[in-house]
Q: 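Below you'll find the structure I mean.
Letters go in sequence order (proteins before strands), and every chain restarts at 1. Quick caveat: nothing in here was measured; it's all calculated off a predicted structure. Keep in mind that the numbers below use all heavy atoms, side chains included, and drop hydrogens, waters and symmetry copies.
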2 protein chains.
Amino acid sequence: MADQKIPQVTAKRLPLYYRYLEKLHAIGKQRVSSAALAEALQIDPATIRRDFSYLGELGKKGYGYNVNYLLQFLRDFLRQDEVTNVVLIGVGNLGTALLRYNFYRSHNTKIVAGFDIDEGKIGMDIDGVPVYSMNRLKEVLELHSVEVAILTVPVSAAQSTTDQLVNAGIRGILNFTPARLNVPSHIRIHHIDLTVELQTLIYFLKNFPTNESKGEQNG
Amino acid sequence: MADQKIPQVTAKRLPLYYRYLEKLHAIGKQRVSSAALAEALQIDPATIRRDFSYLGELGKKGYGYNVNYLLQFLRDFLRQDEVTNVVLIGVGNLGTALLRYNFYRSHNTKIVAGFDIDEGKIGMDIDGVPVYSMNRLKEVLELHSVEVAILTVPVSAAQSTTDQLVNAGIRGILNFTPARLNVPSHIRIHHIDLTVELQTLIYFLKNFPTNESKGEQNG
DNA sequence: TGCCTTTTGTGATGATATGCACATATTTAT
DNA sequence: ATAAATATGTGCATATCATCACAAAAGGCA
Ligand SMILES: NC(=O)c1ccc[n+]([C@@H]2O[C@H](COP(=O)([O-])OP(=O)(O)OC[C@H]3O[C@@H](n4cnc5c(N)ncnc54)[C@H](O)[C@@H]3O)[C@@H](O)[C@H]2O)c1
Ligand SMILES: NC(=O)c1ccc[n+]([C@@H]2O[C@H](COP(=O)([O-])OP(=O)(O)OC[C@H]3O[C@@H](n4cnc5c(N)ncnc54)[C@H](O)[C@@H]3O)[C@@H](O)[C@H]2O)c1
């Protein structure tokens, strides 16, 4: 498979394409061109074609892309029909919001459990997701075959919690804390630093008041 | 000023440096090398030196960087002593979490108001931040000189809300909805798509089980 | 003082990503 | 059937970043 060759930026755009194709499918659209996708997603059409070209020759010249075919292809490629179970550590302000949202409704990802050290939270059920004590971490991860954790604890608890996660066999962490986590090299970490995002936006506004440059890739 | 020449990625890392320097300052550290910063922030030391070099010659050979000096320099450069007022549209799950967090405690950014259409929410006070009806948008933006909005409404309301924001004179939007917003070219938008972040993490885990590659820059 | 060590700032190179521009293939209309 | 219109896939130029590697400068120690 072409997997090994896909640029990181492309991998980040594929879910975007997938989501939009679902929408097109839902309204009965049969075909779509890179130009139409470009318009809707605000990505250059050549970039879109290049992205798809990494996966194979998915389109037809003079026609464009068949929505059903492309959708199905991406579904397989992104393994959208396998449900991935994840857990969330730190059921506070942000953690609760993410739990409530859950990603399952529209996606293939499901938060199956929350964890906290606050006795008041342990035992709660948030929109169907149970909150456990941290000492049940390993047990629950194994039960649900969980390999990915969302980390929304206070920054002071970030490293110790991460150590516990690594110990319990996690492989990937989506880190919302500002901490730079130390982990063995086989663990993958993605950082989402909302404070930095906000500050960066403000920085650009203050320093490039008349913004002609294209927006960068965010999220 | 060197402003015009700073790469986007550097601009995103500056707040990171600033935050860590504050920490060093707090524990009384006087000097720091790019190697030490690299270790703590998990960024290549050459990248750090290059980043600083865009701002001037801030270090001294054989010595490193003076923490106080660098901190003060970045404070000025990032205008960390000017408070930037922002508003938040859509006081739901995510919006409430962001409001509660607020960025003011440790940063120069303050959410001064929330907005919603839900009658049950209008008039509320969330940790000191009032929630207004959407028809008071222009008035409140002007009162507090707000130019930046955080958007956390349902995706269905994203474009119409954006139009209202643009109309009311906003210049930058931090967009948490999955919608690709259409705005005049002078408006700057940063997207934070949490679903895509999670999916991308999972994609990389599934496809590169033994991850040797460095993690990319995320937020 | 003089020598060795440390560490910067940056030229050079390599890696990754974007987007133009067009040959090519296919559709659509007449 | 033929021509015109459409839209892909990709070579190539350009842009943006990351990192190596080292001369040069400054510190620190004997
Ligand atoms: N809330 C936001 O909008 C926001 C924005 C930017 C960054 N963040 C970051 O996200 C993280 C969470 O923020 P928050 O506002 O939800 O904080 P919070 O205090 O509301 O929630 C933290 C939760 O973690 C739990 N916790 C504490 N120590 C723990 C431990 N050792 N193990 C397990 N659980 C533990 C607490 O009981 C609490 O429920 C913080 O690191 C914060 O910096 C949050
Ligand atoms: N909650 C999450 O963790 C999460 C994760 C990923 C993405 N998102 C995105 O963030 C957005 C908000 O998510 P949420 O879970 O907080 O939703 P939510 O339904 O809890 O909150 C949305 C809020 O917006 C208000 N609102 C609706 N229409 C409005 C309008 N026209 N003008 C002003 N306010 C309006 C609603 O009254 C509600 O208070 C959504 O677009 C969602 O896709 C949320």
Q: Quick one: bend of the helix from C:dT1-D:dA30 to C:dT30-D:dA1 from 5 pairs per end, to 10°?
A: 10°
Q: Nearest whole angstrom, please: distance from the P of D:dT16 to the CD1 of B:Ile6.
A: 14 Å
Q: Start with the C-alpha distance between B:Val91 and B:Leu99, add both sets of side-chain angles, then the distance that settles side chain to side chain contact (heavy atoms under 4.5 Å, CB included), and finish with yes or no.
A: CA-CA 8 Å; B:Val91 187; B:Leu99 272 184; 3.9 Å; yes
Q: Search all heavy atoms of B:Lys12 against all heavy atoms of A:Glu197 and return the closest pair with its distance.
A: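 The pair with the smallest heavy-atom distance is NZ-OE2, 3.5 Å.
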Q: Between C1' on C:dT7 and CD1 on B:Ile48, what's the gap in Å once rounded to a whole number?
A: 13 Å
Q: Using whole Å, what does the distance between atom C1' of nucleotide C:dT8 and atom CG of B:Asp51 come to?
A: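 Result: 14 Å.
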Q: Could you give the CZ-to-P distance, from B:Phe52 to D:dT19, as a whole number of Å?
A: 16 Å
Q: Sequence neighbours left out, what passes salt bridge (Lys or Arg N to Asp or Glu O under 4.0 Å) with B:Asp116? Give chain and number order.
A: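 Checked B:Asp116 against salt bridge (Lys or Arg N to Asp or Glu O under 4.0 Å); zero matches.
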Q: Rounded to whole Å, how long is the line connecting atom CD of A:Gln42 with atom P of C:dG19?
A: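 About 13 Å, once rounded to whole Å.
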Q: Report yes if a side-chain nitrogen or oxygen of B:Ser34 is closer than 4.0 Å to either non-bridging phosphate oxygen (OP1 or OP2) of C:dT7; otherwise report no.
A: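 No.
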Q: Out of curiosity, B:Leu37 CG to B:Asp44 CG, how far, rounded to the nearest 0.5 Å?
A: 12.0 Å
Q: Take A:Lys110 and A:Val86, measure what side chain to side chain contact (heavy atoms under 4.5 Å, CB included) needs, and give me the verdict at the end.
A: CA-CA 6 Å; A:Lys110 185 175 180 179; A:Val86 310; over 6 Å; no
Q: Could you state the OH-P distance from B:Tyr65 to C:dT6, rounded to the nearest angstrom?
A: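 Rounding to the nearest Å, OH of B:Tyr65 and P of C:dT6 are 18 Å apart.
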Q: Rounded to whole Å, how long is the line connecting atom OH of B:Tyr69 with atom P of C:dT8?
A: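 So the two atoms are 15 Å apart, to the nearest Å.
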Q: List in chain and number order the residues that pass side-chain contact (heavy atoms from CB on, under 4.5 Å) with B:Asn167, two or more places apart in sequence or in another chain; answer none if no residue qualifies.
A: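 Not a single residue meets the side-chain contact (heavy atoms from CB on, under 4.5 Å) criterion with B:Asn167.
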Q: Restricting to salt bridge (Lys or Arg N to Asp or Glu O under 4.0 Å), what partner residues turn up for B:Arg19, sequence neighbours left out?
A: A:Asp193
Q: Is there a side-chain polar atom (N or O) of B:Tyr54 under 4.0 Å from OP1 or OP2 of D:dT16?
A: no
Q: Keeping to residues at least two apart or across chains, list the ring-ring contact (aromatic ring centres under 6.0 Å, His included) pairs with something in residues 25-53 of chain B.
A: B:Tyr17-B:Phe52, B:Phe52-B:Tyr65
Q: Please report the distance, rounded to the nearest Å, between CG in A:Asn66 and P in D:dA7.
A: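 Spelled out: CG on A:Asn66 to P on D:dA7 is 14 Å.
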Q: Between A:Ser33 and B:Thr10, who's closer to the 5' end of DNA chain D by nearest nucleotide?
A: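 In this pair, the answer is A:Ser33.
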Q: Can you give one letter per nucleotide of nucleotides 20-30 of chain C, going 5' to 3': B for a protein heavy atom under 4.0 Å from the base, S for sugar-phosphate only, - for none?
A: BB--BBBSS--
Q: Give a yes-or-no answer on whether the side chains of A:Gln72 and A:Asp76 include a donor-acceptor pair shorter than 3.5 Å.
A: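 Yes, a side-chain donor-acceptor pair sits under 3.5 Å.
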Q: What nucleotide among C:dT10, D:dA18, C:dA17 has an atom nearest to a side-chain atom of B:Thr47?
A: D:dA18
